[in-house]
Colleague: 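Sharing a structure, written as structure tokens. Questions coming.
Numbering of ligands and ligand atoms starts at 1, following listing order.
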Amino acid sequence: MSTTRHAEIAGAGFAGLTAAIALRQRGWTVRVHERGEELRALGAGIFLWHNSLQVLRDLGAYDRVRDGAHRPPFYETRIHNATASKETFFGTEYLTMTREHLHRGLADAAVEAGVEIVTGSQVVGADAEGALTLESGETLQADLIVGADGVRSKVRDSLGFAYERTSSRDGIARVLIPRDREYVGGDWDNVIDMWNFAPRVMRVLYVPCNDDWLYLGLMAPNEDEEAARVPIDLRTWVDMFPFLERALQRVAELPSARRDTYETRVLDSWVRGRVALIGDAAHAMCPALAQGAGCGMVNGYTLAASVNGGDVRQSLAEWESGFRGYTDRCQTRSAWFAETRSMSRGNQFTPEMLETAAFDPTLAVASGVTR
Ligand SMILES: Cc1cc2nc3c(=O)[nH]c(=O)nc-3n(C[C@H](O)[C@H](O)[C@H](O)COP(=O)(O)OP(=O)(O)OC[C@H]3O[C@@H](n4cnc5c(N)ncnc54)[C@H](O)[C@@H]3O)c2cc1C
């Protein structure tokens, strides 16, 4: 009789793919359901910090992600185009990259590990006994169900998890444009977080992703119709950031720019019986600390390590009580930054604010010490 355990995962995003690789490497059979007809990441660029980079190292996927990513020398904050700070985060490592690059790295590693990925497979719900239901009507049994199906999770909502939800007052249009030294001159390798409060609140986050691509995040209050428009209103943005005119012209020409609002969802629990939620399904957060995907990857990894033997229900409960604190604190801090916009002051990445980014889940798993 086979003793191999089986997991069904909803969602082939960063969190779902990480959990899939980590489970498969521990001997599970794993099937991932992705509703899209093809595997792809939405959005433009992304920061990954030490916590998720350690996960990638342990999964053997670090080199492929690092090659083609960028290590910025400074995180510079400017207010009204005057430098407020240039931070190096006390040596806490981080990389910037395109989302497509990270997603491809994880998807390739999952396939190499032997994960089965089914595209065009929409999940409609789950039950706590370990059944996953697809839109086709098919029901699949598993020892473990993972809901990694994003902020509008069907797995979560079909099980009636309770949550508090707070929407942010700002939104961000995210784009990738070809890199050009002319945009910002000698600082072009830095992340530059440019804030403007007068006469209106607008922010440009400048993030080099690799030699070729630059990620720009254009933040504005949802209520400011001109600044919140996509494709962007070039005059409105150039009036506030005249020195970025050439880059903004490229942005205005993009037909595919998208703008996202964001929210904080705090759930009563991440676990119900044999079902665990990870990523935005469990802990959607404001992007102020750039940690949502990183936390999702860490939680996918620690989840897999926690169910490595023993009763799945008991292991999931212990996983949540052992590891959830890091994400909860990050969510609270990110929401506070989004609400107060106080990152604009510079020097806000204190050791306390970097706690989750600097956490090493591989050490915690190896030593059994969590918080
Ligand atoms: C402006 C902005 C900037 C951000 N910057 C950063 C950053 O720099 N660093 C960082 O770590 N995080 C960042 N984040 C957060 C990050 O984008 C999210 O936390 C992350 O993408 C969540 O990953 P996920 O795998 O949980 O969900 P998703 O990326 O949403 O993936 C879910 C997957 O599930 C699939 N799916 C959904 N429903 C179903 C279904 N019913 N059946 C089957 N499949 C389904 C989707 O198609 C998708 O592929 C940012 C967020 C925003 C809004």
Colleague: Check whether any N or O atom of R40, backbone or side chain, sits under 3.5 Å from an N or O atom of ligand 1, and answer yes or no.
Modeller: no
Colleague: If the cut-off is 4.0 Å to any non-hydrogen atom of G292, which atoms of ligand 1 fall inside it?
Modeller: 10 (C), 11 (O), 12 (N), 15 (C), 19 (O)
Colleague: So does R229 pair up with E225, basic N to acidic O under 4.0 Å?
Modeller: no
Colleague: Do I117 and L132 share a hydrophobic cluster, counting only Ile, Leu, Val, Met, Phe, Trp and Tyr and linking them when any side-chain heavy atoms are less than 4.5 Å apart?
Modeller: yes
Colleague: Which one of E263, H33, E34, Q122 has a non-hydrogen atom at the shortest distance from atom 47 (O) of ligand 1?
Modeller: E34
Colleague: Excluding sequence neighbours, so at least two apart, what forms salt bridge (Lys or Arg N to Asp or Glu O under 4.0 Å) with R272?
Modeller: none
Colleague: At under 4.0 Å between heavy atoms, which part of R99 makes contact with ligand 1: side chain, backbone, both or neither?
Modeller: side chain
Colleague: So, is F14 polar-close to ligand 1, with some N/O to N/O distance under 3.5 Å?
Modeller: yes
Colleague: Could you check whether Q122 and H33, counting side-chain N and O atoms only, form a donor-acceptor pair closer than 3.5 Å?
Modeller: no
Colleague: If you count the atoms of ligand 1 from 1 in the order shown, which ones are under 4.0 Å from a heavy atom of K154?
Modeller: 41 (N)
Colleague: Suppose I only count heavy atoms of G150 and a 4.0 Å limit; which atoms of ligand 1 are within that range?
Modeller: 27 (O), 30 (O), 32 (C)
Colleague: Looking only at protein heavy atoms, identify the closest one to atom 44 (N) of ligand 1 and say how far it is in Å.
Modeller: R35 N, 3.1 Å
Colleague: Measure across W49 and A290 and return the closest heavy-atom pair with its distance rounded to 0.1 Å.
Modeller: NE1-O, 3.1 Å
Colleague: Would you call D170 and R259 a salt bridge, using N to O less than 4.0 angstrom?
Modeller: no
Colleague: Identify whether NZ of Lys or CZ of Arg in R341 sits under 6.0 Å from the centre of the six-membered ring of W195 and within 45° of that ring's axis.
Modeller: no
Colleague: Tell me: protein heavy atom nearest atom 42 (N) of ligand 1, and distance?
Modeller: V123 N, 2.9 Å
Colleague: Taking only Lys NZ, Arg NE, NH1 and NH2, and the carboxylate oxygens of Asp or Glu, determine whether E135 and R35 approach each other closer than 4.0 Å.
Modeller: no
Colleague: Counting from 1, what ligand 1 atoms have a heavy atom of G279 closer than 4.0 Å?
Modeller: 26 (O)
Colleague: Using a plain distance cutoff, I'd like to know if G294 has any nitrogen or oxygen under 3.5 Å from a nitrogen or oxygen of ligand 1.
Modeller: yes
Colleague: Report the part of A148 (side chain from C-beta onward, or backbone N, CA, C, O) that has a heavy atom under 4.0 Å from ligand 1; answer both or neither where that applies.
Modeller: backbone
Colleague: Looking at G11, which atoms of ligand 1 are within less than 4.0 Å of one of its heavy atoms?
Modeller: 33 (C), 34 (O), 35 (C), 44 (N)
Colleague: What residues form a side chain to side chain contact (heavy atoms under 4.5 Å, CB included) with T83, not counting sequence neighbours?
Modeller: E76, R78, K86
Colleague: Can you tell me which portion of M285 lies within the under-4.0 Å heavy-atom range of ligand 1? Options are side chain, backbone, both, or neither.
Modeller: neither
Colleague: Examine G16 against ligand 1 and note whether any of their N/O atoms are separated by less than 3.5 Å.
Modeller: no
Colleague: Yes or no: does S121 have any heavy atom under 4.0 Å from an atom of ligand 1?
Modeller: yes
Colleague: Would you kindly check if the NZ (Lys) or CZ (Arg) of R57 is within the cone defined by 45 degrees around the ring axis of Y62 and under 6.0 Å from the six-membered ring centre?
Modeller: yes
Colleague: Side chain, backbone, both or neither: which part of A10 comes within less than 4.0 Å of ligand 1 when only heavy atoms are counted?
Modeller: neither
Colleague: Should K154 and D157 count as an ion pair when the cut-off is N to O under 4.0 Å?
Modeller: no
Colleague: Can you list the atoms of ligand 1 that are under 4.0 Å from a heavy atom of A290?
Modeller: 7 (C), 8 (O), 9 (N), 10 (C), 11 (O)
